[in-house]
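Just so we're on the same page: letters track the sequence lines, and every chain starts at 1.
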Amino acid sequence: MNSVERLPRDFFIRDVLDVTPEILGKFLVVRSANGVLNRFSVTDAEAYRGSEDKACHAFKGRTPRTEIMFHKGGHLYIYLIYGMYWMLNIVTGEENNPQAILIRGVENFSGPGKLTKSLGIDKSFYGEDLVLSERIWIEDSGVKPVYKTGPRIGIDYAGDYWMNKPWRYYLINK
DNA sequence: TCAGTGATTAGG
DNA sequence: CTAATCACTGAG
């Protein structure tokens, strides 16, 4: 199987600011409807750090939607935005330390809403465990990512201080 | 620049 | 129950 290369729990149980740059260049593996495995290199991601980050959905506390972010790292946090797009997030850190990585882009697909639509990721993936799931996980690629950082997108409501944190990480030149 | 679209949330 | 909000996208 592919369990040899699959990233283990330890990878995800670290601070989101350490995990986010490292997930760049790694493979997001998704099983399609016909059972075929597809691999996509992660190109663009953002860190959300609930314990202090005003832009993080978990900042205001535990709700049914944000519940999974309070669990240990490796699970998926999925939510619908603007009534149309599913957002794919990977929970990181220890239990009760809500953090997550928004997957903003993968190879051949730019934009968090477009990539979930293309990969068939929806609400049914909420809470899925990347360490155990048979239909979605992350694999090491052996690639050492060369990346840049910048402000996160679409979080004006969080105010200048949090808006300007350079917590978006993206691969340079594809 | 701006509308589409509906789950989620806080509040009465 | 109501109403506001929204980690986006594509058209113009």
Participant: A cation-pi test, strictly: NZ or CZ of A/Arg9 under 6.0 Å from the centre of the six-membered ring of A/Phe12 and no more than 45 degrees from its axis. Yes or no?
Facilitator: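 A/Arg9 over A/Phe12 ring: no.
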Participant: Whole Å only: how far is the OH atom of A/Tyr48 from the C1' atom of C/dC6?
Facilitator: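 In whole Å, C/dC6 C1' and A/Tyr48 OH are 12 Å from each other.
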Participant: Whole angstrom is fine here: how far is it from CH2 in A/Trp86 over to P in B/dT5?
Facilitator: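 Rounded to the whole Å, the gap is 16 Å.
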Participant: Does the cation-pi check pass for A/Arg65 over A/Tyr126, that is, NZ or CZ under 6.0 Å from the six-membered ring centre and within 45° of its axis?
Facilitator: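 No, a cation-pi geometry is absent between A/Arg65 and A/Tyr126.
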Participant: Between atom CZ in A/Arg104 and atom P in C/dT9, what is the gap in whole Å?
Facilitator: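 Going from A/Arg104 (CZ) to C/dT9 (P), I get 7 Å.
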Participant: Does B/dA7 have OP1 or OP2 under 4.0 Å away from a side-chain N or O of A/Tyr82?
Facilitator: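 Checking A/Tyr82 against B/dA7: no side-chain N or O falls below 4.0 Å of OP1 or OP2.
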Participant: Hey, does the Lys NZ or Arg CZ of A/Arg6 hover above the aromatic six-ring of A/Phe11, less than 6.0 Å from the centre and inside 45° of the axis?
Facilitator: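 No; the conditions do not both hold, so A/Arg6 does not lie above the ring face of A/Phe11.
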Participant: Please determine whether residues A/Ile155 and A/Phe59 belong to a single hydrophobic cluster, defined as Ile, Leu, Val, Met, Phe, Trp and Tyr linked transitively by side-chain heavy-atom distances below 4.5 Å.
Facilitator: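 Per the 4.5 Å side-chain linkage, A/Ile155 and A/Phe59 are not co-clustered.
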Participant: Which of these nucleotides, B/dA7, C/dT9, C/dA7, is closest to any side-chain atom of A/Leu80?
Facilitator: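 The nucleotide sitting nearest to the side chain is B/dA7.
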Participant: Quick one: A/Phe109 CZ to C/dG10 C1', roughly how many Å, whole number?
Facilitator: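 The answer, rounded to whole Å, is 17 Å.
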Participant: Take the protein atom CD1 of A/Ile78 and the nucleotide atom P of C/dC6, then report the distance between them rounded to whole Å.
Facilitator: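 Spelled out: CD1 on A/Ile78 to P on C/dC6 is 20 Å.
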Participant: I need the CG-C1' distance between A/Asp122 and C/dC8, as an integer number of Å.
Facilitator: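 Taking atom C1' of C/dC8 as the reference, CG of A/Asp122 is at 17 Å.
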Participant: Students often get this wrong, so: under 4.0 angstrom with heavy atoms, is A/Gly83 touching a base, only sugar-phosphate, or nothing?
Facilitator: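 It contacts base atoms.
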Participant: Select base, sugar-phosphate, or nothing to describe what A/Arg65 touches, counting heavy atoms under 4.0 Å on all strands.
Facilitator: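 A/Arg65: backbone/sugar contact only, no base atoms under 4.0 Å.
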Participant: Could you tell me whether A/Ile155 contacts a base, only the sugar-phosphate backbone, or nothing, with contacts defined as non-hydrogen atoms closer than 4.0 Å?
Facilitator: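 Sugar-phosphate contact only - A/Ile155 comes under 4.0 Å of backbone atoms but never of a base.
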Participant: Please classify the nucleic acid contact of A/Met87 as base, sugar-phosphate, or nothing, using heavy-atom distances under 4.0 Å.
Facilitator: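 Sugar-phosphate only.
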Participant: Over how many whole Å does the gap from A/His57 atom NE2 to C/dC6 atom P extend?
Facilitator: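 Spelled out: NE2 on A/His57 to P on C/dC6 is 8 Å.
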Participant: Under 4.0 Å, counting only non-hydrogen atoms across every strand here, what does A/Lys123 touch: a base, just sugar-phosphate, or nothing?
Facilitator: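 Contact class for A/Lys123: sugar-phosphate only.
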Participant: Counting side-chain heavy atoms from CB outward, which of C/dA7, B/dG4, B/dA10 is closest to A/Thr63?
Facilitator: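 Among the listed nucleotides, the one closest to the side chain of A/Thr63 is B/dA10.
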Participant: Need the pair for C/dA11. Rule: Watson-Crick or G-U wobble, both distances under 3.5 Å, any strand; none if unpaired.
Facilitator: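 Base-paired to B/dT1.
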Participant: For B/dA7, is there a stacking contact with A/Tyr79, counting only centres under 5.5 Å and planes under 30°?
Facilitator: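 A/Tyr79 vs B/dA7: stacking no.
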Participant: Could you go step by step and tell me if A/Met69 and A/His57 meet the side-chain contact (heavy atoms from CB on, under 4.5 Å) rule?
Facilitator: CA-CA 9 Å; A/Met69 270 198 276; A/His57 290 164; 3.9 Å; yes
Participant: Would you kindly give the NZ-to-P distance between A/Lys60 and C/dT5, to the nearest whole Å?
Facilitator: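 From A/Lys60 NZ to C/dT5 P: 10 Å.
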